[in-house]
Amino acid sequence: MKKLLGLLLGMTLFALLLIFNLKVVHAAPAAAQEKGNAAADNSTALTIYNQNFFVAREHVPLDLQPGVNQAEYAGIAAHLEPDSVILRDPNGHALQILEQNYRNDPVSPEMLLSFYEGKTIDFVVGRNADGSDITQKGKIIRSGYASPNYINGYPQQASSQPIVEVDGVLRFGLPGQPVFPALSADSILKPTLNWLLQTDTAGKFNAEISYVSGGMNWQSDYNVVVQDQPGNKTDLLDMIGWITMRNFSGKTFEDAKIKLMAGDVNKIQEPALAGRAYGAALAVEVDAAAPVVREKAFDEFHLYTLQRPTTLRDAETKQVEFVRATGIHAQRLFIYDGAHTDQYAYYNPEQIRQDVNYGTVSNPKVWVMEEFKNAESNHLGMPLPKGKLRFYRRDTDGHLEFVGENTIDHTPKDETIRVFTGNAFDVTGERKRTSYRVDSNQRWMDESFEIRLRNHKKDAVEVRVVEHLYRWTNWKLTEQSADSRKTDAQTIEFPVTIAPDGEQVITYTVHYSW
């Protein structure tokens, strides 16, 4: 019996070891295959920042011999930061850059003319009846080309008028279309990187190149439709958010995997690209069944990933939808800030206290603001990158009419968004000072105001009257005709409901001491 039990135990242990070994044997090739797939991913990848720069990852085919090799990559971005280049072999082979040269002077007609200064070439001046060219010889005395001056790393081209000798006569300007015999050996057609590379391993492989470049940007835009809610104090909003990408890098990226970084990333920006104009828009069709853009937190920022590769051409503007929400509960706010003090922006606190007329100019406009919470319970809850909100409202004929716009900053989920959309037409305000007393020796001041609000709408409106107690930090209300609430150290609000075609009057007196 003991022998039988020992035999069974031995067979069991052998079976377990066999199963374990099979798992290890099969797991190792799977892991190796996964690593190989990662190394074999030769797709182009872009991470675009909303600060007018991007990070690109591309692949360069190399055929190297042991020792020092020359290699080049033609077609790099035109606004490359050369010191940001990282070249490596994803498979881990040793690759050392001994020297790197970046050339961004692609050949142009003006440059070719400079190569042939002092020489005679043909110019096409017309066509014969059979379609052949009519040519005329001319000697290039001056090409008019000047090497570009680089300001902040970007070329600023300067040139003058060319001079050509034709039949012994000097002419300013070209007599026709120049015909060049050949390109010079030193000419390039696209911005190019040249390397001297050191390696100990020979072979052909796709090296990975990563770099930072200017000339690409993205922004978000939100179109918001306000649904009418008769007799309801809240609005219902429908929102569609678009991501707009603009490529002015001088390079087309085919079938690129694109990520968009949102947040205030610290980057030393050169001003040369800030004023560049952007081109025409190109919209793309999207699949409504699946999200086009996915969002995730990354470090202290948020990363938005396009779910399918796309081609981003040079000088192209591309748009994709990234958020769609309906039934967002919002509140329309009417706010009256009656003290018109913009012209005193340079005043210090002492000047504000001493100027008798400060704050006596009335602002008649009542602001209209839309407020809603970016929460999942309110059909949103996605971190929203900064951008422009455009508000529309549907007219009785069914047409959408534009009713205002403003911008928002990067807004995390569960935060409240409040945007100014315009001034009310039928609700007006008037503010005037009714009493002013000051005793500089005793260090006190009393100031009284009357605020009138008129509603010419057919419905009642609620208005928040905002008053800034700007004279000094020590204050107290000695009289007030309506209840108020303190919103900060020197601001109070009076909530007021105004009947249709009605008027409300608020009065108060504030006592300052210093």
Side-chain angles (χ1 to χ4, degrees), residues 51 264 266-269 271 274-275 333-371 386 388 404-411 415-424 427-453 463-496 504-514:
Q51 296 162 272
D264 300 321
N266 188 42
K267 176 74 168 67
I268 300 174
Q269 288 279 42
L333 306 177
F334 293 90
I335 297 177
Y336 181 61
D337 193 337
H340 191 64
T341 58
D342 293 347
Q343 68 270 33
Y344 302 104
Y346 61 92
Y347 269 28
N348 60 41
E350 191 67 26
Q351 289 174 299
I352 292 174
R353 182 172 60 82
Q354 292 181 355
D355 190 337
V356 175
N357 295 316
Y358 185 91
T360 58
V361 179
S362 176
N363 166 37
K365 300 295 185 180
V366 175
W367 303 337
V368 181
M369 308 190 81
E370 202 74 38
E371 180 182 273
K386 65 180 178 182
K388 183 183 293 184
E405 68 180 11
N406 214 320
T407 58
I408 62 169
D409 202 351
H410 300 299
T411 305
E415 290 291 326
T416 297
I417 297 173
R418 180 189 289 184
V419 291
F420 167 77
T421 60
N423 295 315
V427 184
T428 61
E430 180 184 359
R431 179 181 185 269
K432 66 180 180 180
R433 188 172 65 187
T434 56
S435 176
Y436 177 79
R437 295 188 306 157
V438 61
D439 189 333
S440 298
N441 293 328
Q442 297 297 319
R443 298 178 178 269
W444 62 266
M445 176 192 301
D446 284 344
E447 201 166 17
S448 301
F449 289 93
E450 177 186 271
I451 301 155
R452 292 182 176 271
L453 295 162
V463 180
R464 297 181 185 180
V465 179
V466 178
E467 284 293 297
H468 304 280
L469 307 179
Y470 37 69
R471 291 294 190 181
W472 203 247
T473 54
N474 297 329
W475 58 268
K476 66 177 180 178
L477 296 180
T478 56
E479 294 181 13
Q480 54 181 329
S481 62
D483 292 335
S484 63
R485 68 184 186 92
K486 182 178 176 181
T487 58
D488 64 34
Q490 289 185 272
T491 308
I492 58 174
E493 277 187 4
F494 295 92
V496 177
Q504 280 280 13
V505 180
I506 295 173
T507 61
Y508 75 91
T509 300
V510 57
H511 175 78
Y512 296 98
S513 59
W514 60 92

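Predicted, not measured: the structure shown is a model, and the values here were computed from it. Numbering starts at 1 and runs along the sequence shown.
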Spacing of CZ belonging to Phe494 relative to CZ belonging to Arg464, to within rounding of 0.5 Å: 14.5 Å
Electrostatic pair Glu447-Arg433, nearest N-O below 4.0 angstrom: yes
Taking atom CG as the centre, does Asp483 end up with more than 12 heavy-atom neighbours from other residues, nucleotides or ligands that are less than 6.0 angstrom away? no
Quick one: do the Gln480 and Ser484 side chains pair a donor with an acceptor below 3.5 Å? yes
Cationic tip of Arg353 above Tyr512 ring, under 6.0 Å, 45° of axis: no
To the nearest 0.5 Å, tell me how far Asp488 CG sits from His468 NE2. 8.5 Å
On a heavy-atom basis, the closest approach of Leu453 and Gly429 is CD2-CA, 3.9 Å
Output, in order, the C-alpha distance, side-chain angles, deciding distance and verdict of salt bridge (charged side-chain N to carboxylate O under 4.0 Å, His left out) for Asp446 and Arg437. CA-CA 5 Å; Asp446 284 344; Arg437 295 188 306 157; 3.0 Å; yes
Basic-acidic side-chain contact under 4.0 Å: Lys486, Glu493: no
Drop me the distance from Ser440's OG to Gln354's CD, to the nearest 0.5 angstrom. 8.0 Å
Gap separating the CZ atom of Arg452 from the OG atom of Ser362, nearest 0.5 angstrom: 12.0 Å
Angle between ring planes, Tyr358 versus Tyr347, binned at 30° and 60°: parallel, tilted or perpendicular? parallel
Taken to the nearest 0.5 Å, the spacing of Gln490 CD from Tyr470 OH works out to 11.0 Å
What closest approach, in Å, do Thr416 and Glu371 show between heavy atoms, and which atom pair accounts for it? CG2-CG, 3.5 Å
To the nearest 0.5 Å, what is the distance between OH on Tyr336 and NZ on Lys365? 11.0 Å
Look at Glu430 together with Lys432 and state whether they make a salt bridge at an N to O cut-off of under 4.0 Å. no
